[in-house]
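One structure is given below, encoded as structure tokens.
Side-chain atoms are counted along with the backbone in the values below, which use heavy atoms only and exclude waters and symmetry mates. Just so you know, these numbers come straight off a predicted model, no measurement behind them.
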Amino acid sequence: MRYRRGSHPSSAADQPGPHAFWRFLPAAAAYFFLVSLLLASNTPASDIARYTFYVLWGVVLPGTLVFRALRRRPHSLIEDLAFGAVTGLVLELAAWAVLVRTGAQPFAVLWPLAVVIPFAAVPRLRRHWRPRGNTPYSLGWSWSVSGTVMLTGAYFHQTFLSLYPVLPDKEDSRLFGDMPYMLSLAANAKQNVPLTLPQVAGEPLHYHWFTFAHMAMTDMVGHVDLAVIESRLMVPALAALGMVITAVVAHRLIGRAWAGPVAALLVFAVCEFTAAYPNPVATWTFGAHSVRLMSWSSLSQAYSQPLLIALMGVVGDALRRSRRDGGTSQDGDSQDGDSQDGDSQDSPPLLGRGVYVLVAFFALASSAAKASTLPVAVAGLALCGFVLLITTRRIPWHVVGLGAILGGAQLFATAAIFNFESYGLEIIPFANVQNYWADPKQLRSPAFQAAVIAGTLVAFLLNHQLKLLGAIPLISKRRFRLEPVQWFLLGASVAGACAYLTIKSYNASYFTLAALNFGAPLSAWGFCETFERAALGMRGRVALACGALAYSAVLTYGIYRYSDRWSAYVTRLAGDGQGAATTYSLLLPALVLAAVLVLAALGGAALWWLGARVWPPLRGRGAIVLLTAALATGTPGLFHDVLQSRESLWSYSWVMPGSQVEAARWIRAHSEPSDVLSTNSHCWQLEGPLPAGEQCDNTRSQWLSAYSERSVLIEGWAYAPRGIALSGGSVAYNGPFWDQELFRLNEDAVYRPTAAILGRLREQHHVRYVVVHRPSGSESPLLADLAKKVYDNGRMAVYELS
């Protein structure tokens, strides 16, 4: 089942392709499906139209033109647009920096002209508007990729778009806790290069903030409200781009067009293996879940995804230029990558020398889009270079060059963006998992303790690494004689898991998530080769697909319906009948279920072997059935996440009263971007005001800076880089504010105001408004005599300093 450059094997070269209407119908269907979901989520049609204009004019058009100028030979329109969109995201960062630094934000809509005009005026560039030689993908491929886009859209509609308001307008409205923080950073990016911390005016933000520069440009170019971008438009659009770029990159690296949709499904649909339902954050056993790989709860994860996949694609393409013996293929047009080891006739042509420019583009953008992404790519390239050095006994200079580009990008981010901040991360092997085998009283025998440790590591592999199972037959069949690009993918895949097992921090799980982007194409590669060796006919393919769907459905329903009984049963086996108090008890339901499934697989394999002796068509096809079933074992998590979201909001969804948002939006309409606010709101309570005398232990008040789009002298400092560095690798810092003198000045402005105090705020710190959050404490009556009250809705009061 090998297609030649995306066409159906039965179509002859002289047969006309499908009409343009049919070729573009899958893309149109996916777009209008997403639009319908947005409209159903109360997204204004005008905002959808403006966002579509922004994507086409501000991202896809300039990016596609530049990508076409850098790649040597056309391959397909969809590849040009996918890589072009990611290239546009990179160009957008440069445009943002220039526009904001020069104060030219009102002219942001014109920045694409810097690309469009040269490509219209210069004859050598003009040809890139309508390149010749594109080969269309088959309709089956197009509809398959379109289906993955629709799947991501439906998932995010059910788990996010339809559940959270754009702007909270009720006193009991709820939001995911980090949404105001992310919104505040996007607002800050409209005014500052580099960003500062909006909750502590002027505080440097040593953080991966490229995501929020992208949001700021979306606002400035498309004139779409940041709240709409964050809560409606950005996530489904980036998820769609992630699916398409995964498909074209997988085709480019693997050399099989149909590997693209397979890799896209592995990236998104195959999740953790868990026997628990519901599975709230408190029971996540090994960090962040890959079901939210392109996540609404971490916009930096959503934004970095397409950049990292594109980087993987261009680095892999550069590695395709080298033969397995470490030599470099000729760069002439006659090669095109088709004659290289491991490449099939379906392989797209090599990108040419411009690939190194693209590597630099995507590496620089990835470096501060998500801090966990580039290190795994560097690790993968290091393994590739090491293997080539050992096997060829020559320095692989092309790998060294790629490593220099990626290493330079990492150094740029570490020094210029992160300022060498560690955020409390420490190298402590197994610190993230050792609590599962903890035995402080040393009551276990050495053999039993060894079994517990081994079981914990097996549980980790089952939990996060299921989608990599396709790599096993690939490596086994080739006996570790892998191509350079396969070593690159394998090294990056392993590096993510090793980072989680080495670095103490919940955030280390993002290294694992980044690595899964490399593991999915490698697994798809092994799946494709196993599938081709099986040589299934049409009936066999249909039976395989139906069997996988039925197995997934049964497993999904079984865990959903009986997981509580299963957990209680397994707990009784391990404990005293009243509930096991062992440190590893949370892992037992999944481990025992995995053991049951393995036994069932062994029994099925024995029956298959016996059946093959009677019915020859079964011979040589058991491997693909087993691999398909193993990958399908990871699909229930996607559907369980949807079911759980419909039954209850996510664990970290907190109350955001509409009256607070209303006050902040009033300030946004009656102030300048350079104005600074002062407030007594520092804590985001879960359900209401703090009881009298209690101390705040959740200093994540970020609503004022978010919805006013203004910096606050001191609001919440939970995510301040200097605070996180003191937290020991925690996700938030809830200790005291580091400048107590400034903090007292801020509090005195509300509770003990004097003319001198308010004057210092105005003259030294440029504070224009004092915003009183009365649930945190009512203001002194003297404040009304010293400042002008300009807004009061009962819960909130705003005073202007003259």
Side-chain angles (χ1 to χ4, degrees), residues 31 34-35 38 43-69 80-81 83-122 125-126 128-129 166 182-195 209-238 240-241 299 303 306-307 361 365 369 665 668-669 671-674 709-710:
Y31 171 77
L34 295 180
V35 168
L38 290 171
T43 310
S46 58
D47 284 339
I48 299 174
R50 282 194 291 267
Y51 188 76
T52 301
F53 162 77
Y54 150 76
V55 169
L56 296 177
W57 169 250
V59 177
V60 175
L61 177 60
T64 299
L65 292 173
V66 171
F67 173 74
R68 285 174 171 172
D80 282 358
L81 295 177
F83 272 109
V86 182
T87 304
L89 293 177
V90 180
L91 298 176
E92 177 188 64
L93 288 173
W96 163 81
V98 172
L99 290 166
V100 175
R101 177 68 74 176
T102 59
Q105 294 95 321
F107 305 100
V109 71
L110 301 178
W111 88 261
L113 293 176
V115 175
V116 169
I117 291 176
F119 275 81
V122 178
L125 297 177
R126 200 178 298 151
H128 295 300
W129 288 92
V166 175
M182 295 184 285
L183 187 63
S184 72
L185 297 186
N188 190 269
K190 291 165 63 176
Q191 308 300 328
N192 294 289
V193 178
L195 272 63
W209 44 254
F210 282 6
T211 306
F212 310 105
H214 163 68
M215 294 174 66
M217 282 295 284
T218 308
D219 182 317
M220 293 188 295
V221 174
H223 300 287
V224 184
D225 195 316
L226 284 176
V228 179
I229 296 169
E230 178 192 47
S231 60
R232 290 295 182 270
L233 301 171
M234 178 178 174
V235 170
L238 289 175
L241 177 58
L299 294 183
Y303 174 75
L307 290 168
F361 276 12
R665 299 283 283 188
R668 175 177 177 264
S671 63
E672 298 298 326
S674 59
E709 298 188 14
R710 305 293 180 258

Of all heavy-atom pairs between Y51 and A237, which one has the smallest distance, and what is that distance? OH-CB, 3.4 Å
Decide, yes or no, whether a salt bridge links D225 with R665 under the criterion of side-chain N to carboxylate O below 4.0 Å. yes
How about V116 and W57: do any of their side-chain heavy atoms sit closer than 4.5 Å? yes
Assess whether a salt bridge exists between R232 and D47, defined as any Lys/Arg side-chain N lying under 4.0 Å from an Asp/Glu carboxylate O. no
Closest non-hydrogen contact found for A186 with A216 is O-CB, 3.7 Å
Return the minimal non-hydrogen interatomic distance between L238 and P306, and the atom names on each side. O-CG, 3.9 Å
Side chains of V224 and L233, heavy atoms from C-beta outward: is any pair under 4.5 Å? yes
Interatomic distance, CZ@R50 vs OG1@T218, rounded to 0.5 Å, equals 13.0 Å
Quick one: are L299 and Y303 in side-chain contact, heavy atoms under 4.5 Å? no
Should V193 and V98 be marked as a side-chain contact (heavy atoms from CB on, under 4.5 Å) after you check the CA-CA gap, both sets of side-chain angles, and the distance that decides it? CA-CA 9 Å; V193 178; V98 172; over 6 Å; no
Given side-chain contact (heavy atoms from CB on, under 4.5 Å), test L307 with V90 step by step and report yes or no. CA-CA 9 Å; L307 290 168; V90 180; 4.0 Å; yes
Which distance, rounded to the nearest 0.5 Å, do you find between the CE of M215 and the CE of M182? 7.5 Å
Report yes if some heavy atom in the side chain of R126 is under 4.5 Å from a heavy atom in the side chain of F119; otherwise report no. no
Do M217 and V59 come within less than 4.5 Å of each other through their side chains, counting heavy atoms only? no
Side chains of S671 and R710, heavy atoms from C-beta outward: is any pair under 4.5 Å? yes
Roughly how far apart are L125 CG and I117 CD1, rounded to 0.5 Å? 13.0 Å
Tightest non-hydrogen contact, residues L183 and A227, listed as CD1-N, 3.8 Å
For F361, the ring pair (Phe, Tyr, Trp, His ring centres under 6.0 Å) test, sequence neighbours excluded, returns none
Test log, rule side-chain contact (heavy atoms from CB on, under 4.5 Å), inputs F210 and L93: CA-CA 7 Å; F210 282 6; L93 288 173; 3.6 Å; yes
Please tell me if the side chains of K190 and Q105 come closer than 4.5 Å, counting only heavy atoms from C-beta onward. no
Drop me the distance from L185's CG to N192's CG, to the nearest 0.5 angstrom. 11.0 Å
For residues W209 and P194, report the shortest heavy-atom separation together with the two atoms involved. CZ2-CB, 3.6 Å
Nearest-0.5 Å distance that lies between atom OG1 in T64 and atom CG in D80: 7.0 Å
Using 30° and 60° as the class boundaries, would you call the ring planes of Y54 and H214 parallel, tilted or perpendicular? tilted
Of all pairs that satisfy side-chain hydrogen bond (donor to acceptor under 3.5 Å, both in side chains), the ones with a partner from residues 108-118, not counting sequence neighbours: none
Going by heavy atoms in the side chains, are M234 and T211 under 4.5 Å from each other? yes
What heavy-atom pair brings L34 and A240 nearest, and what distance separates the two atoms? CD1-CB, 4.2 Å
Give the C-alpha distance, both sets of side-chain angles, the deciding distance and a yes or no for side-chain contact (heavy atoms from CB on, under 4.5 Å) between V100 and M220. CA-CA 10 Å; V100 175; M220 293 188 295; 4.1 Å; yes
Of T43, V166, L226, the one forming a side-chain contact (heavy atoms from CB on, under 4.5 Å) with S231 is V166
